[in-house]
Amino acid sequence: MIAALNMPTAEAELFLKNHYGSRAGELAPLANGEWSQAYTFKLDGGECVIRFGQHGEDFAKDETMSRFLCPSLPIPRVLEVGKAATGFFSVSQRAYGVVLDDLDFSGMTAALPSLLRSLDACGRIDLSRSHGYGVWKPDGIAPYDSWPEALLAVAEDNDRLVGWRSRLKTFPAAYASFQAGYERLSELVEGLPQPRQIIHGDLLHNNVLVQGDRISAVLDWGNSLYGDALYDAAWLLYWWPWYPAWAGIDIRHELNHTIVGRDSSG
């Protein structure tokens with residue numbers, strides 16, 4: 001498993017000085033993500049964020065997605081992506097807001113329509129110049145030939161969670177639950193429709209910012225896939241019970257009355 005890059009503040013300041021000279025300053029730490037370390041700073045007087053991490057492809061995917069920003073899908077504009085001394089860096093315009101995960105009942109009630117509009121806008125992005133299903137690379141290529149194949153790849157090892165199945169086997173009850181779920185998934189994927197749309201894949205976990213009743217930023221597209229945009233709706237259904245403050249919101253009802261990434265004709 002590749003951990004997030006540990007970039008001390010002094011090293012980040014040195015990087016900015018060497019890379020931007022007097023154009024950059026006022027560096028300050030931001031909350032870190034699972035795979036990157038972030039700082040705010042000023043560049044040519046503008047508010048920016050610089051992130052350091054080991055996964056340069058994640059930053060390149062953010063750069064790709066920032067080209068699709070629109071009022072319904074606010075994505076910070078990426079100004080530069082490149083190599084740092086021990087990893088990679090990304091510089092983007094700074095976005096402001098409260099983390100979606102931290103909203104109370106009234107806050108989520110107000111912001112939910114905007115979140116669903118973001119999902120809808122995401123599902124409508126033109127993918128005619130891309131190919132495949134599953135987690136896509138910055139070149140627009142994903143590894144699987146069908147949506148069912150991409151879904152079933154959940155059982156495969158990957159470079160971020162190397163050996164996860166071996167570790168899971170040390171917890172027999174959990175492994176048995178996974179196997180049962182995977183067998184059921186294998187049955188259900190047969191005959192699925194195969195739309196090919198953008199999926200964010202990780203809408204919670206500090207990746208969405210909110211200002212008032214609207215989404216102000218959708219961050220971190222490293223887990224983004226090509227497939228059925230309803231995957232993000234299923235993601236919300238799964239995680240909703242983990243947020244007791246939102247228990248009074250019938251998320252299934254809200255999703256059932258929102259067509260994500262589809263024309264009203266079906």
Side-chain angles (χ1 to χ4, degrees), residues 65 68-75 97-127 133-136 142 146-154 177 181-182 184-266:
M65 290 305 303
F68 298 111
L69 69 89
C70 65
S72 295
L73 187 61
I75 303 170
V98 177
V99 173
L100 184 74
D101 307 54
D102 292 341
L103 295 181
D104 58 15
F105 173 83
S106 61
M108 177 54 84
T109 300
L112 188 55
S114 179
L115 177 63
L116 297 182
R117 286 194 296 271
S118 294
L119 295 191
D120 189 71
C122 195
R124 295 180 186 276
I125 290 173
D126 180 10
L127 296 183
Y133 291 83
V135 177
W136 51 278
S146 71
W147 180 227
E149 186 181 0
L151 287 171
L152 292 175
V154 68
S177 294
Y182 186 75
R184 181 58 176 153
L185 177 64
S186 300
E187 298 169 356
L188 292 173
V189 296
E190 295 298 328
L192 276 180
Q194 298 202 48
R196 206 168 63 82
Q197 302 160 310
I198 285 280
I199 300 164
H200 182 276
D202 196 10
L203 284 168
L204 297 169
H205 309 133
N206 301 334
N207 289 329
V208 177
L209 301 182
V210 179
Q211 284 187 322
D213 63 352
R214 67 179 183 86
I215 302 303
S216 57
V218 182
L219 310 170
D220 193 353
W221 294 83
N223 287 327
S224 181
L225 309 90
Y226 296 149
D228 191 336
L230 288 177
Y231 186 98
D232 275 330
W235 176 269
L236 291 177
L237 284 172
Y238 173 79
W239 284 106
W240 210 260
W242 296 62
Y243 294 82
W246 307 342
I249 302 172
D250 188 344
I251 182 61
R252 183 177 294 275
H253 172 83
E254 297 298 327
L255 289 168
N256 284 342
H257 287 77
T258 302
I259 301 174
V260 179
R262 285 168 165 77
D263 293 329
S264 59
S265 59

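Since we're looking at a predicted model, the values are computed, not measured. Counting begins at 1 with the first residue of the sequence.
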Practice item. Check the pair Ser224, Ile198 against side-chain contact (heavy atoms from CB on, under 4.5 Å), reporting the backbone distance first and the verdict last. Key: CA-CA 7 Å; Ser224 181; Ile198 285 280; 4.0 Å; yes
**Study point:** Sole candidate of Trp242, Tyr243, Trp239 that passes ring-ring contact (aromatic ring centres under 6.0 Å, His included) when paired with His205
**Key:** Trp239
Any donor-acceptor N/O pair, [X] side chain to [Y] backbone, under 3.5 Å:
| X | Y | result |
| --- | --- | --- |
| Ser118 | Ser72 | yes |
| Gln211 | Ser216 | no |
| Trp240 | Trp246 | yes |
| Asp101 | Asn206 | yes |
| Asp228 | Gln197 | no |
| Tyr226 | Leu127 | no |

Exercise for review: Give me the one residue out of Ile215, Asp202, Leu219 that meets side-chain contact (heavy atoms from CB on, under 4.5 Å) with Val208.
Suggested key: Ile215
Practice item. Show your working on side-chain contact (heavy atoms from CB on, under 4.5 Å) between Asn223 and Asn207 and close with a plain yes or no. Key: CA-CA 11 Å; Asn223 287 327; Asn207 289 329; 6.0 Å; no
Exercise for review: Determine, stepwise, if the pair Trp147 / Tyr231 fulfils side-chain contact (heavy atoms from CB on, under 4.5 Å).
Suggested key: CA-CA 11 Å; Trp147 180 227; Tyr231 186 98; 3.7 Å; yes
To the closest 0.5 Å, what do you measure between [atom1] ([X]) and [atom2] ([Y])?
| X | Y | atom1 | atom2 | result |
| --- | --- | --- | --- | --- |
| Asp213 | Leu115 | CG | CG | 12.5 Å |
| Leu230 | Trp235 | CG | CH2 | 15.5 Å |
| Arg124 | Leu119 | CZ | CG | 12.0 Å |
| Leu151 | Tyr133 | CG | OH | 10.5 Å |
| Leu237 | Asp232 | CG | CG | 11.0 Å |
| Leu116 | Cys122 | CG | SG | 12.5 Å |

Check your understanding: Is Pro148 close to Gln194 at the side-chain level, that is, under 4.5 Å between some pair of heavy atoms?
Key -> yes
Review point. If we only count heavy atoms from C-beta on, is the Leu100 to Leu203 side-chain gap below 4.5 Å?
Key: no
[X] to [Y] - nearest heavy-atom pair and separation:
| X | Y | result |
| --- | --- | --- |
| Leu103 | Ala245 | O-CB, 4.2 Å |
| Gly134 | Ala142 | O-CB, 3.6 Å |
| Thr109 | Pro113 | O-CD, 3.5 Å |

Check your understanding: side-chain contact (heavy atoms from CB on, under 4.5 Å) between Ile125 and Met65: does it pass, once the steps are laid out?
Key -> CA-CA 10 Å; Ile125 290 173; Met65 290 305 303; 3.7 Å; yes
